[in-house]
Amino acid sequence: MKQYSLYSVDLLLDGVPVTGFSTSNAIITAERASPQHIDAMGARGEMAVATIADQSGTINFSLMQTSDWNLVMQARALLDQNTGLSGNVATFTPYQAMINDKMGSTLVTGVNGYTPKQPAIVRGVGIVNLNWTIRFEELF
């Protein structure tokens, strides 16, 4: 028999654990942007495989609107955009990320990431979720 708990899974952004996740069966997702290989079939059925160099990908995660991390993410997204608009490329600091599932021995590393856009702000009578995406140059 096996056991699992999200309590033993950490999402670290720049070495700091993210907190305030929503409740769902899909809270943290890591996915490559491109296939690792593509194939071509010859006229007689022989296959050739090309390896794709693109190792980019995204990490998506969902936070409750009450999570302090929403303010951290929003401030960073605005700072990154303002830095880019200022023309001062030397001060842009990309995200470094790690997902560590200590029960399932899964480790994902994101290298040189940025927030493409901030999530929509939705308010209602209950607690809503904000879904954040960080796009990485490399995702292992």
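Because the structure is predicted, anything quoted here is derived from the model rather than measured. Nothing fancy with the numbering, it's 1 onward along the sequence.
The structure places OH of Tyr95 at 4.0 Å from OG1 of Thr115, a figure rounded to the nearest 0.5 Å. Remark: Tyr114 OH to Ile134 CD1 distance equals 11.5 Å, nearest 0.5 Å. Atoms CH2 and CG, from Trp69 and Leu63 in turn, are 9.0 Å apart once rounded to the nearest 0.5 Å.
Residues Asn112 and Gln96 form a side-chain contact, since some pair of their non-hydrogen atoms from C-beta on lies under 4.5 Å apart. Using a 4.5 Å cut-off on side-chain heavy atoms (C-beta onward), Phe136 and Thr109 make no contact. Between Arg76 and Leu13 there is no side-chain heavy-atom pair separated by less than 4.5 Å. Between Leu78 and Gln118, the closest side-chain pair of non-hydrogen atoms falls below 4.5 Å. Side-chain contact between Ile99 and Thr106 is absent, with no heavy atoms from C-beta onward closer than 4.5 Å.
Judged by distance alone, the side chain of Ser22 and the main-chain N or O of Ile27 form no donor-acceptor pair under 3.5 Å. Remark: side-chain polar atoms of Asp39 are not paired, donor with acceptor, to backbone N or O of Ala48 under 3.5 angstrom.
Around the OH atom of Tyr4, the shell of radius 6.0 Å holds more than 12 heavy atoms that belong to other residues, nucleotides or ligands. Counted within 6.0 Å of CG on Asp68, heavy atoms from surrounding residues, nucleotides or ligands total 12 or fewer; the atom is thus considered open.
Here the shortest heavy-atom pairing between Met73 and Phe61 reads CE-CZ, 3.8 Å.
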Validation: residues 29-36 side-chain donor-acceptor distances under 3.5 Å, sequence neighbours left out:
residue, atom, partner, partner atom, Å
Arg32, NE, Leu139, O, 2.7
Arg32, NH2, Leu139, O, 3.1
Ser34, OG, Asp54, OD2, 2.6

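The side chain to side chain contact (heavy atoms under 4.5 Å, CB included) test with Arg123 is passed by exactly one of Val125, Ile127, Ile121: Ile121.
Cluster partners of Met41, by chain and number: Met47, Val49. The rule joins Ile, Leu, Val, Met, Phe, Trp and Tyr whenever side-chain heavy atoms lie under 4.5 Å apart.
No donor-acceptor contact under 3.5 angstrom links the side chains of Gln65 and Asn129, judged on distance only.
Checked against side-chain contact (heavy atoms from CB on, under 4.5 Å), Glu138 has the following partners two or more places apart in sequence or in another chain: Gln55, Val111, Phe140.
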